[in-house]
Protein chains: 2
Amino acid sequence: MFTIDMQSRTPVFEQIVIQTEEFIRAGILNPGDKLPSVRELTGMIGVNPNTISKAYGELERRGITVSVTGKGCFIAKNITDVMKTAAEKKIPEFEKLAKELFESGISKDELIKKINSLNSNNIQLS
Amino acid sequence: MFTIDMQSRTPVFEQIVIQTEEFIRAGILNPGDKLPSVRELTGMIGVNPNTISKAYGELERRGITVSVTGKGCFIAKNITDVMKTAAEKKIPEFEKLAKELFESGISKDELIKKINSLNSNNIQLS
DNA sequence: TAACTGTACTATTACAGATAGTACAGTTTA
DNA sequence: TAAACTGTACTATCTGTAATAGTACAGTTA
């Protein structure tokens, strides 16, 4: 499930957060789904339980998961709204990057072409 | 000229690199232009000369500037090509971000609208 | 009760960014 | 020529963050 690159400059706990979000967008993880337990992931990835706990804490802080001691870590029921809201906060970042490429000599048409080529991998199960 | 945020998680030397690139795209810095000397910037920003030197070294490594001991640090003559090539390498990053926003519920139309609203700040002096 | 769940805490190691100080090689200018 | 400037190199040190190690605790499940 998770693919961790120990050589990456991106902290392990952050890689877990990022990949969890990617799995949600791809429809692999859905509302109410249970993530592997801290100790399961510890065994799978080969890192310290504290590192997993830190990732789960960050996911909960973002409203992406709900952790319950004794039960586990679950994808939030309102995950669709949470992801949409988070994405809207990233629009300025998108505009900044687009502006950078445009001012560097890449045409608007080429950028728009890239967007029109996007395909959703989201699988609707309901 | 340079605006450094000491509270930012982005290293100071990297902020200098990023802002230099921004000044070039905005037409504020042009081919052959001389950057402030290491010791001038040290005084302006209030950081260690080594930090400035590290930024200048990185700029030269990217082909953005040419440093000459005894003379100074200058914007490369072929800076337009260098910036275009660098931007092309960032297209996958652009596609990834666009895909993330799209899969999170932001429509293609909205993204395209943002691109069409872009205005170039580039000032042509020649 | 036993085995699981997430969480909290301290101590330690490792690494990157930044500072401090010094030194050197090359260029410009008076 | 000499002074003042330019970028660069080097070592030592400090700091903050990531990660590890080990232990412990509170709540849930079977």
Side-chain angles (χ1 to χ4, degrees), chain A residues 1-21 29 31-77 79, chain B residues 1-21 29 31-77 79:
Chain A
M1 184 163 188
F2 290 95
T3 307
I4 303 300
D5 178 6
M6 300 304 289
Q7 313 305 325
S8 170
R9 291 160 228 162
T10 304
V12 173
F13 85 93
E14 199 172 326
Q15 291 185 46
I16 295 174
V17 170
I18 291 172
Q19 287 183 35
T20 300
E21 292 176 333
L29 285 175
D33 282 359
K34 185 178 179 304
L35 292 180
S37 77
V38 169
R39 289 162 185 81
E40 271 177 4
L41 257 189
T42 291
M44 293 164 59
I45 298 180
V47 295
N48 194 278
N50 293 335
T51 303
I52 311 294
S53 182
K54 188 172 183 180
Y56 281 10
E58 176 62 21
L59 283 169
E60 184 165 35
R61 197 191 63 77
R62 297 188 188 184
I64 293 172
T65 60
V66 177
S67 288
V68 183
T69 297
K71 300 184 73 175
C73 182
F74 305 87
I75 304 297
K77 292 295 185 186
I79 190 61
Chain B
M1 185 162 186
F2 290 96
T3 307
I4 302 301
D5 178 8
M6 300 303 290
Q7 314 303 325
S8 170
R9 290 160 230 164
T10 305
V12 173
F13 85 92
E14 201 172 326
Q15 291 186 43
I16 295 174
V17 171
I18 291 171
Q19 287 184 37
T20 300
E21 292 175 333
L29 284 175
D33 281 359
K34 185 179 178 302
L35 291 180
S37 78
V38 169
R39 289 161 184 81
E40 270 177 6
L41 256 189
T42 291
M44 291 163 60
I45 298 179
V47 295
N48 194 278
N50 294 335
T51 303
I52 311 294
S53 183
K54 188 171 183 181
Y56 281 10
E58 176 61 21
L59 283 169
E60 185 165 34
R61 197 190 64 76
R62 296 189 188 184
I64 294 172
T65 60
V66 177
S67 289
V68 183
T69 298
K71 299 183 73 173
C73 182
F74 305 87
I75 304 297
K77 292 296 185 185
I79 189 62

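Values in this document were obtained by computation on a predicted structure and should not be read as measured data.
Among B:I52, B:L41, B:L59, the one residue that satisfies the side chain to side chain contact (heavy atoms under 4.5 Å, CB included) test with B:L35 is B:L59.
Per the geometry, CZ belonging to A:F74 stands 12 Å off P belonging to D:dT28, to the nearest Å. Rounded to whole Å, atom C1' of D:dA18 lies 10 Å from atom CE of A:M6. Regarding B:I16, its CD1 atom lies at a distance of 13 Å from the C1' atom of C:dG17, rounded to whole Å. We find that CD1 of B:I52 is positioned 13 Å from P of C:dA20, with the value rounded to whole Å. Rounding to whole angstrom units, CD of residue B:Q7 and C1' of C:dG17 are separated by 15 Å. In this structure, CZ of B:R9 is placed 17 Å from C1' of D:dT15, rounded to the nearest angstrom. Note: CG (A:L41) to C1' (C:dC4) measures 15 Å, nearest angstrom. Counting to the nearest Å, the C1' atom of C:dA18 and the CD atom of B:Q15 are 13 Å from each other.
Using a 4.0 Å cut-off between charged side-chain N and carboxylate O, A:E58 and A:K54 make no salt bridge.
A heavy-atom distance below 4.5 Å is found between the side chains of A:I45 and A:I16. Between A:M1 and A:L29 there is a side-chain heavy-atom pair separated by less than 4.5 Å.
Distances shorter than 4.0 Å separate some side-chain N or O of B:K54 from OP1 or OP2 on C:dG17.
Listed by first then second residue, pairs satisfying salt bridge (charged side-chain N to carboxylate O under 4.0 Å, His left out) with a partner in residues 2-11 of chain B number zero, not counting sequence neighbours.
Distance alone, capped at 3.5 Å, places no donor-acceptor pair between the A:T51 side chain and the A:F13 backbone.
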Return the polar atom pairs (N/O with N/O) between nucleotides 3-9 of chain D and the protein under 3.5 Å, or none.
from, atom 1, to, atom 2, distance (Å)
D:dT6, OP1, B:S37, OG, 3.1
D:dT6, OP2, B:S37, OG, 3.4
D:dT6, O2, B:G70, N, 2.7
D:dG7, OP1, B:V38, N, 3.4
D:dG7, OP2, B:V38, N, 2.8
D:dG7, N7, B:R39, NH1, 3.0
D:dG7, O6, B:R39, NH2, 3.0
D:dT8, OP1, B:E60, OE1, 3.2

